[in-house]
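Below you'll find the structure, written out as structure tokens, and then a few comments.
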Amino acid sequence: MAGSVLEKNDSANPLESIMSDNDKKGKFNRIQDILFYKRQRAKPASKFCALLDTLVLTERGASLELCEPHCQQKCLCLQIRAIQNGSLRVTVDELEPIKARYKVAHVLTGEPKYEKMRITRKREDCMSLTWGPGQYQVHVSASPFCLEVLCEEVVIVTLNPKGRLCFETRPSSSQQQDEEGPLGPWIFQQFEDIMANSSRPVGIDLCLHGFSHVYGLPEHADSLQLKDTSARDPYRLYNLDVFAYEINSRLGLYGSVPLLVAHKPDTTLGVFWLNASETLVDLKYVSKHQEQGERSRVTPQTDVSWVSESGRIDCFILLGPSPAQVFSQYAQLTGYQALPPMFSLGYHQCRWSYEDEEDVKSVDAGFDLHAIPYDVFWLDIDHTEGKRYFTWDSKHFPSPVDLQRHLQTKKRKLVVISDPHFKADPEWPLFCEARDGDHFVRSRDCRVYHGTCWPGDSCYLDFSSSRTRSWYSRQFLLANYKGSTESLFVWNDMNEPSVFSEPEKTMPKDAIHCGGWEHRELHNLYGFFQHLATFEGLLTRSGGLERPFVLSRSFFAGSQRLGAIWTGDSVATWDYLKISIPMLLSLSVTGIHFCGADVGGFWRDPDPELLVRWYQAGALQPFFRGHSDKRSMRREPWLFGDVVTSAVRAAVQQRYCLLPYWYTVFHQAHTSAMPPIRPLWVEFPKETETFTVDNQYMIGSALLVCPVTDPGVTEVKVLLPGSDELWYDVSSGEPHSGGRTLALPVTLESVPVFQRGGTLVPRRGGCSSCTADLQLLPFTLTVALDRKGFADGELYLDDGHSFSYRDKKEFCIRHFTIKAGRLTSRSAAEGGLFIPGCKLQRVIFLGQKSTNRRPTLKTDAGNVPVTFQFEPKQSMLTITDLDLDIHTDWEIII
Ligand code: NOJ
């Protein structure tokens with residue numbers, strides 16, 4: 001990549017943020033620079049022993065002591081707790097700490113409910129515990145300490161299999177030598193980290209028996225299936241602002257979720273490592289030969305090794321055993337995806353930066369002129385007065401309220417950026433208020449910490465403090481945020497946090513947060529805390545009535561409760577389009593469901609074909625926003641001629657038609673934790689050929705999509721899983737048998753999308769300019785029959801913006817089932833009081849081979865024949881002019 005040049009900006013030197021590959025090499029730590037990791041890897045096994053006599057069993061699980069014989073180190077406290085939802089929690093902390101270790105707060109939605117455990121076996125050197133019906137057991141071996149988790153007597157996970165448990169409590173004389181000797185102290189360029197106040201590294205190994213596929217651990221620009229790191233760098237979880245990040249790399253990007261999901265045909269397992277400091281994860285896929293009588297059998301296993309720079313060991317084993325159960329167990333701990341307001345599932349138009357109010361209005365009009373629906377206009381940093389968030393540039397944005405009203409008349413919204421750094425400007429009242437209210441992070445010398453970001457010299461709000469979060473939240477009140485209206489929503493960027501002037505472009509680890517905690521303890525939580533404060537700000541602004549929408553670049557486990565995230569500063573090349581799919585799937589399996597990538601690629605200029613393909617891919621992903629860098633050419637979809645305009649229009653219009661389905665799958669994510677976009681193995685857990693697929697995925701359980709991510713393509717190979725399955729090409733209705741790879745011809749206008757036999761997809765027909773307009777259009781149901789003539793599906797509806805669905809039961813869930821030629825519409829068991837006031841007009845049956853009689857509609861009013869067309873060649877029956885209220889019960893007999 002060429003070196004980069006950016007026009008001089010009035011404040012910070014933007015070159016700090018935008019670098020060529022060569023510059024980047026020196027800017028970010030190489031793995032060999034990460035001292036605690038290097039030391040941990042070089043250390044011999046520690047050989048901790050479990051003191052079984054110290055076991056205490058309470059209502060809330062078991063605890064006992066661990067110690068290292070012949071070592072000065074004090075004892076550790078091990079807790080083993082079974083959680084009612086089917087997970088196991090293993091915690092290790094100091095028994096008598098001189099200073100308590102940092103406990104991650106606000107990520108778990110509450111203290112889990114524990115089960116009582118009982119001892120099933122106790123010997124001098126080992127002991128077994130069980131709980132509930134006794135299907136699972138934990139064996140604790142005393143010396144060396146090791147912990148096995150068994151299901152029906154078969155070991156599924158071993159913790160500390162090789163005695164490498166790491167728990168540094170204070171530097172021993174030998175460690176001190178290490179730090180002062182050949183390995184350290186940690187000096188990077190001219191910066192020094194003296195680690196004066198921090199706790200020490202912790203780590204543990206796990207062996208996952210029988211597993212040869214693991215996923216998760218975002219955010220990395222890498223494959224969906226995690227790679228063996230024996231001969232590569234480990235997965236680094238350290239939130240960093242990496243412009244034009246390298247792809248196929250395990251370097252840490254903007255956010256982290258320390259959740260790993262392992263899968264084999266009969267079991268799915270999760271390992272959640274609750275630690276917010278810098279963390280490295282090594283993986284090794286191993287094949288073990290086991291003698292079984294005469295025969296030897298090869299069994300796979302995955303060795304996983306976690307090391308964190310500080311904090312405690314707090315490890316959750318999510319026992320599954322199905323993918324859906326693992327997702328639900330994880331959501332019960334960290335929360336479900338917030339139900340997005342409907343508008344935020346539409347298309348978003350962004351650019352760094354739209355110039356002024358006229359520019360905004362003309363782009364807005366351009367969408368209407370070209371009949372491309374969109375819902376949200378975005379303003380980047382230049383809309384502010386000198387990068388002071390919560391202000392407006394008086395020359396270019398003199399009438400922000402009018403601008404929002406203008407968009408509002410078209411039922412559209414505005415999103416503005418709000419970064420975590422505050423321009424250090426003693427003339428700016430909000431800065432003074434934050435400074436005087438003690439809301440900024442401090443340096444290790446206790447003075448307010450200063451770093452450089454867009455405004456130049458800046459201070460950083462300490463979002464780890466609940467007092468600061470409340471203060472920040474209040475800034476979003478309409479009375480405080482001048483020029484804002486209730487149709488303004490928020491974008492949190494640069495919240496890793498990004499600090500141009502520091503090593504790795506982030507805050508020094510020894511900066512001090514409220515409570516005296518060093519930044520290193522909570523680094524990966526910083527963006528989460530800003531996201532939380534902004535979310536609460538918007539919630540409070542509406543008196544708790546309206547659903548907030550907040551996009552954040554940085555994230556952690558639990559961020560799904562707060563809004564959306566995107567994959568940051570990509571490049572407008574085919575490789576970045578391709579990698580965006582596994583990146584979004586990795587986020588999806590770790591609970592971050594509302595995710596997307598900048599359509600078109602952020603930096604540089606996509607050629608028209610790439611732009612079209614990116615729109616088509618983005619339209620099939622949860623968060624759908626076009627965005628581009630300051631130095632990229634303008635790329636509103638109509639600037640590239642009719643062919644591009646019409647292909648983009650088609651992709652966006654199809655997204656809008658499919659919104660009832662998207663909203664329904666988001667409601668399922670919100671209530672049952674099933675990700676809206678899913679790797680194929682989630683839906684086909686026994687089909688091993690799906691385990692490595694990361695260019696295709698499912699939207700809900702009905703649609704299989706395979707975005708085109710290569711130039712000049714006339715044919716795409718699509719794996720249609722399941723030999724018993726039927727798949728219908730959505731563009732033609734043509735059926736295909738599953739269990740094979742199909743070579744599908746494509747044009748610039750087409751994208752492979754298939755509906756699975758046995759499912760039902762709701763759509764809205766007709767043209768709309770935004771999601772609000774769409775609500776007036778009638779529904780079409782597409783029923784794709786399986787080989788037995790069966791299908792079912794769901795439709796979720798509510799007002800699309802408030803919490804009335806939750807607080808007043810104002811929602812409507814319809815269940816549709818077809819069996820033996822009878823399609824029924826019934827209300828779901830949960831009930832619901834919402835009357836949507838819209839009609840069902842059309843039902844399309846795919847895979848219907850014949851019609852013997854005239855299809856009839858049965859309602860409370862009696863039976864009536866319906867208008868229909870039957871196309872025997874396509875096995876397609878279409879029933880039209882139904883004019884049924886969508887919330888009513890009916891039956892169609894075909
Ligand atoms: C970095 C973000 O990733 C990008 O999307 C944004 O446009 C710039 N910051 C400027 O705010």
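Looking at Asp773 and Lys410, no side-chain N of the basic residue comes within less than 4.0 Å of a carboxylate O on the acidic one, giving no salt bridge. Salt bridge annotation for Asp233-Arg250: absent, with no cationic side-chain nitrogen under 4.0 angstrom from a carboxylate oxygen. Salt bridge Asp359/Arg351: absent, no basic N to carboxylate O contact under 4.0 Å. Taking the charged nitrogens against the carboxylate oxygens, Arg553 and Asp569 do have a contact shorter than 4.0 Å, which makes a salt bridge. Looking at Lys387 and Asp419, no side-chain N of the basic residue comes within less than 4.0 Å of a carboxylate O on the acidic one, giving no salt bridge. The pair Lys630-Asp380 does not count as a salt bridge, with every side-chain nitrogen at least 4.0 angstrom from each carboxylate oxygen.
Side-chain atoms of Trp491 and Leu379, non-hydrogen and from C-beta on, never get closer than 4.5 Å to each other. By the 4.5 Å heavy-atom criterion applied to side chains, Arg541 and Leu488 are counted as neighbours. Considering only heavy atoms from C-beta on, Leu551 stays 4.5 Å or farther from Val415 through its side chain. Put simply, the side chain of His667 reaches to within 4.5 Å of the side chain of Thr671, judged on heavy atoms. When side chains are defined from C-beta on, Thr534 counts as touching Gln530, because their heavy atoms get closer than 4.5 Å. Counting heavy atoms from C-beta outward, Asn492 and Phe535 have side chains that stay 4.5 Å or more apart. Contact check for Leu562 versus Val550: no side-chain heavy atoms found under the 4.5 Å cut-off. Side-chain atoms of Leu274 and Phe556, non-hydrogen and from C-beta on, do get closer than 4.5 Å to each other.
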Trace of the salt bridge (Lys or Arg N to Asp or Glu O under 4.0 Å) decision for Asp710 with Lys578: CA-CA 8 Å; Asp710 287 298; Lys578 216 185 273 278; 2.7 Å; yes
Working for side-chain contact (heavy atoms from CB on, under 4.5 Å), residues Trp273 and Val281: CA-CA 10 Å; Trp273 177 260; Val281 188; over 6 Å; no
ring-ring contact (aromatic ring centres under 6.0 Å, His included) assessment of Tyr389 paired with Tyr481: CA-CA 10 Å; Tyr389 308 105; Tyr481 191 168; over 10 Å; no
side-chain contact (heavy atoms from CB on, under 4.5 Å) assessment of Leu217 paired with Thr590: CA-CA 7 Å; Leu217 292 187; Thr590 56; over 6 Å; no
Stepwise side-chain contact (heavy atoms from CB on, under 4.5 Å) test for Tyr615 and Arg655: CA-CA 10 Å; Tyr615 266 98; Arg655 160 70 168 218; over 6 Å; no
Trace of the side-chain hydrogen bond (donor to acceptor under 3.5 Å, both in side chains) decision for Asp375 with Thr771: CA-CA 7 Å; Asp375 266 75; Thr771 53; 2.6 Å; yes
Phe489 and Leu538: CA distance, side-chain angles, deciding distance, side-chain contact (heavy atoms from CB on, under 4.5 Å) verdict: CA-CA 8 Å; Phe489 297 84; Leu538 294 192; 4.0 Å; yes
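One side chain, Tyr663 or Asp798, offers a donor N or O that lies under 3.5 Å from an acceptor on the other. In this structure, a donor-acceptor pair under 3.5 Å is absent between the side chains of Tyr354 and Asp364. In this structure, a donor-acceptor pair under 3.5 Å is present between the side chains of His801 and Glu546. A donor-acceptor contact closer than 3.5 angstrom is absent between the side chains of Asp462 and Thr468. A donor atom on one side chain and an acceptor atom on the other are not found under 3.5 Å apart for Tyr526 and Thr506.
In this structure, Trp566 has its ring center no closer than 6.0 Å to that of His348. For His523 and Tyr238, the gap between ring centers is short of 6.0 Å. Ring centers of Phe666 and Tyr796: at least 6.0 Å apart, outside the cut-off. For an aromatic pair to be called close, the ring centres must be under 6.0 Å apart, and Tyr472 with Phe390 satisfies this.
Arg412 forms no cation-pi arrangement with Tyr347, by the criterion of a distance under 6.0 Å to the ring centre and an angle within 45° of the ring axis. Under a cutoff of 6.0 Å and an axis angle of 45°, Lys413 and Phe343 form a cation-pi pair.
Judged purely by atom type and a 3.5 angstrom limit, Thr391 uses its side chain to pair as donor or acceptor with the backbone of Arg388. When atom types are taken as modelled, the side chain of Arg649 and the backbone of His370 share a donor-acceptor pair closer than 3.5 angstrom. Of the possible polar contacts, one joining the Gln404 side chain to the Gly483 backbone as a donor-acceptor pair under 3.5 Å is found. Checked by atom type and distance alone, the side chain of Arg561 pairs as donor or acceptor with a backbone atom of Thr334 at under 3.5 Å. Judged by distance alone, with hydrogens and angles left aside, the side-chain atoms of Tyr697 form no donor-acceptor pair with the main-chain N or O of Leu584 at under 3.5 Å. Between the side chain of Gln560 and the main chain of Gly558, a donor-acceptor pair closer than 3.5 Å is present. Side-chain atoms of Gln616 come within 3.5 Å of backbone atoms of Leu748 as a donor-acceptor pair (strictly under, hydrogens ignored).
Rounding to the nearest 0.5 angstrom, the gap separating the NE2 atom in His593 from the OH atom in Tyr336 is 10.5 Å. Note that the CG atom of Asp694 and the CE atom of Met583 stand 12.0 Å from one another [nearest 0.5 Å]. The distance from atom OG of Ser632 to atom CG of Asp598, rounded to the nearest 0.5 Å, is 10.0 Å. With rounding to the nearest 0.5 Å, the separation of CZ in Arg547 from CG in Leu339 is 4.5 Å. Going from atom NE2 of His421 over to atom CE of Met507 covers 11.5 Å, rounded to the nearest 0.5 Å. Atom CG of residue Leu774 and atom OG of residue Ser769 lie 9.5 Å apart, to the nearest 0.5 angstrom.
Between Tyr215 and Trp681, the two ring planes are parallel [angle under 30°; tilted spans 30° to 60°]. Between Phe602 and Trp352, the ring-plane angle classifies as parallel under the 30° and 60° cut-offs.
Heavy-atom contacts from other residues, nucleotides or ligands closer than 6.0 Å to CD of Glu486 number more than 12.
Paired with Tyr245 under the rule side-chain contact (heavy atoms from CB on, under 4.5 Å), one option of Thr567, Leu251, Val571 passes, and it is Thr567.
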